[in-house]
Amino acid sequence: MDKIIENLNDRQKEAVLYNQGPSLVIAGAGSGKTKVLTCKVACLLKLGLAPWNILALTFTNKAAREMKERVAKLVDPRSASRLWMGTFHSLFLRILRTEAAAFGYPSDFSVYDTNDTKSLLKTIIKELQLDDKTYKVSSVASRISNAKNALISAEDYFNSPDIQQRDRDSRMPRVAQIYAQYVARCRQAKAMDFDDILFNTNVLFRDHPEILAQWQERFQYILVDEYQDTNASQYLIVKKLAEPHHRVCVVGDDSQSIYSFRGANIENILKFQSNYPESKLFKLEQNYRSTQNIVNIANSLISNNQNRIKKEVFSQREKGNLIQIMGAMSDVEEAYMVAGKIAEMRNRQYEHWADFAVLYRTNAQSRVLEEAMRKRNIPYRVYGGMSFYQHKEIKDILAYLRLMLNPDDEESIKRAFKYPSKGIGDTTLNKLQDASRQHGVSLWTVLESPINYGVVANNGTLNKLAAFRQMIEQLQAKVNELSVYDFTQMLLQVSGISQDMLKETGVEGITHRENVQSLLAGMHEFCQTRLEEGIEDTSMAAYLSEVALNTDQDEEDNEDKVFLMTVHASKGLEFNNVFVTGMEENIFPSQRSCESQAELEEERRLLYVAITRAGNRCALSFAKSRFRNGNTEFSRPSRFLRELDPRLIEQGSASLSSPFGASPFGSSSSYGSSSYGSSYSGQSSSMNLQRKQTYPQRTSPMPKPRSTSPSMNTASSMSAESPRSWKRMPASPATASTVGQAVPGKTGLASVQSSKGNFVVGQKVLHDRFGEGRITSIEGQGDNCKIGVEFVHSGFKMLLLKFASMRPIE
DNA sequence: GGAGCTTCAATTTTT
DNA sequence: TTGAAGCTCC
């Protein structure tokens, strides 16, 4: 026991050792939250609790995995593997499967993922003959999801005057019907969606006290990670399970609550103490991750929030570097600036690429950043994006597997129907669906005898349907005879998927086949592991129940690369150096979050999360113009920048006082030119940055672009600025009338006069997109006059004067 | 049933 | 601008 807690500080020890009643552990950023949780679990085991008496709930598979590994190291792997430690969804799914009979489901019901849900909703909206522009699938889905997470059933939804009024106000009065229909169809398909797992767990516990009592008895101690992210449904499950013994420990940080949009209720953590009056509060306030300056500037920001639990996060590390704020003329320049800084810092500090993270508020911002990284030969990875199990080819195969256990699974039938193509089109599918709806039976039932259900089709079609049905039945007969691995290999042959995939040519085909191979490899591993552990069941059912909720990334990318990700995705991670980009009004905070105080506070917490990811250095950047939704938009620096303690911001960083309120593209040239000249070392000079252009570039492998078609059309640094990119700056004063009058010099030309001003070799210029630079050459005349400019952040460019939106400065 | 066209919208995301 | 989704035509 002592050994487990020997590396903890006093606060952490108290939190770990207290287990007389409910406790709330407020764990500031970087305060060793996971350590406390894992040590607590280890202590409980040492105190004699059986692993299966401990319920430890997380939000992600990754968190659960990591925690399990750490517990395994503290105690023994065997005990660790027997803990009830996992995500809310995976553990309660397990319970639901066990208790399925109690609420009239088969134990191998299907689990619908977001795609299935949306596809079903789309069908229902069509069937109800509602306008799919008014009833957008995504908004209907989110209303239903929010309702479920708030434990509002379809019936409650229909009967709630408030909700009905709200739906009428937003011109979607029939969401209640869609909801009801959706629930009915899920039940018919013997399927549950993610939200149902929690919702139905509540229903189960509500309607079956005897079952609840069993699980209460089992879970002697309950721990919840990231409690600030719990929704009403999760809150209530925990409350019910902990009712008899009240031994529950929740850990979280209200300042890091950033998921209200998906139903998380920050009140759960704020009100924990009133919900559990006898509870004890522990605060972990020492941050071990970040320097004092980073912790303090984050504190100065978050102190602007009203709704929070009082705490004083502090660091005993060195003061560290000041926080830098960098301004750029455009999104492109911002990206180059960040890329340049990363390259420079890496060389100077002998750091790894992976010590750097570039964070942004929206995914769309990654584009320019990626481009800048590629141009600078900086290897990077974009974190997030599509997970393995969301790929079409994987989902198609899993649909077949799901059908084996549950042929009533409508979404899976539809998938299997469509792929590989069987000559059965939408027309036939619609007929089948209509019949299924009219007779109140599943699609599969209709398929078993289409004619009996009034499906009118020609013989060819009927034969195809019969062939499909036979194939499924034939496969079903084998399911229990083979391991998943063997079965799936057979399935790929029988269904024609293998043959079809071989037909695919090109890069995408290769990727698809590789993904299928990975799926098979995963299945093989599943079987091996099971056999090694002495579990004989390597069936598909066993596999599917394990995989149903695996939606996280199987990222094995351990290469040394810079991380690019949204701020949301960065939660829980840490990096030596963090760049937070796009610090502009309407981006961060996002436009949609400016309406209410609560939303604005969440955006502030989001920035708090971003800043506290940094260990040693943190820089925030903004651009004065940004290309968004096909237009160049001008923006003002984020209001949050003004909330940061100015004493912790590096001198020479962008001045924030002047541009506010002024016209976004005011005439102050000093603003743009001085703002980004400073460097981390505090040597504030643009020369310093220019010099890095000559640094020998360490070669590094080019990262694979995410899309299959790498963008090759980006303006090469040697070419004249293309009209296409010029179009991106409609506000630029450049016109055809800017033809220059050249003055000859010793080599080439020394200067040129144009309607934009006088350009001389060696002169400083300010370009709307590339920012500040110095002219190195002038050649050609008239329309062909080209000016070579060495830009501070964008490197050398040869620009056609005619198009360049550039003016001399100084 | 698929290639190619038009249209339309455009935070954040795990399970 | 991108991309997804729907529509048309072969």
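Quick note: numbers below take in every heavy atom, side chains included, and nothing from hydrogens, waters or symmetry partners. Chain naming here is simple, since letters A, B, ... match the order of the sequence lines and numbering starts at 1 in each.
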Query - Earlier contact from the 5' end, DNA chain B, for S421(A) and H89(A) - result: S421(A)
Query raised in the report: Which sits closer to the 5' end of DNA chain B, K133(A) or Q591(A), going by the nucleotide each is nearest to?
Result: K133(A)
Query - CG on D500(A) to OG on S495(A), rounded to 0.5 Å - result: 9.0 Å
Query raised in the report: How many angstroms lie between atom CG of N307(A) and atom CZ of R605(A), to the nearest 0.5 angstrom?
Result: 7.5 Å
Query - Contact list for DNA chain B against residues 600-614 of chain A - heavy-atom distance below 4.0 Å - result: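 Listed by number, they are E603(A).
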Rounding to an integer number of Å, can you tell me how far [X] [atom1] sits from [N] [atom2]?
| X | N | atom1 | atom2 | value |
| --- | --- | --- | --- | --- |
| D131(A) | dG6(C) | CG | P | 12 Å |
| R626(A) | dT1(C) | CZ | P | 18 Å |
| K464(A) | dG1(B) | NZ | C1' | 11 Å |
| I587(A) | dT12(B) | CD1 | P | 12 Å |
| D426(A) | dT8(C) | CG | C1' | 15 Å |
| E585(A) | dT11(B) | CD | C1' | 15 Å |
| N146(A) | dT13(B) | CG | P | 16 Å |
| R262(A) | dT15(B) | CZ | P | 8 Å |

[N], OP1 or OP2 - any side-chain N/O from [X] closer than 4.0 Å?
| X | N | answer |
| --- | --- | --- |
| N363(A) | dT13(B) | yes |
| N61(A) | dT15(B) | yes |
| K122(A) | dA4(C) | no |

Query raised in the report: Does any donor-acceptor pair link the side chain of S590(A) with the base of dT12(B) at a separation under 3.5 Å?
Result: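 Checked by distance alone, the answer is no.
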Requested in this report: State plainly whether the residues D253(A) and K33(A) are in salt-bridge range, i.e. N to O under 4.0 Å.
Outcome: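 Result for this pair is no, no salt bridge flagged.
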Query - E584(A): which of R361(A), R626(A), K624(A) passes salt bridge (charged side-chain N to carboxylate O under 4.0 Å, His left out) - result: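 Only match with E584(A) under salt bridge (charged side-chain N to carboxylate O under 4.0 Å, His left out): R626(A).
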**Report entry** Positive for salt bridge (charged side-chain N to carboxylate O under 4.0 Å, His left out) with D116(A), one of K414(A), R185(A), R402(A)
**Finding:** R402(A)
Have a look at [X] and say if it touches a base, only the backbone sugar-phosphate, or nothing, with a 4.0 Å heavy-atom cut-off.
| X | value |
| --- | --- |
| F261(A) | base |
| K422(A) | nothing |
| I424(A) | sugar-phosphate |
| T362(A) | sugar-phosphate |

Query raised in the report: Will you find, in the side chains of N458(A) and T461(A), an N or O donor that is under 3.5 Å from an N or O acceptor?
Result: yes
Query - Aromatic ring pairing F575(A)/F563(A), orientation class (parallel under 30°, perpendicular over 60°, tilted between) - result: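 Tilted.
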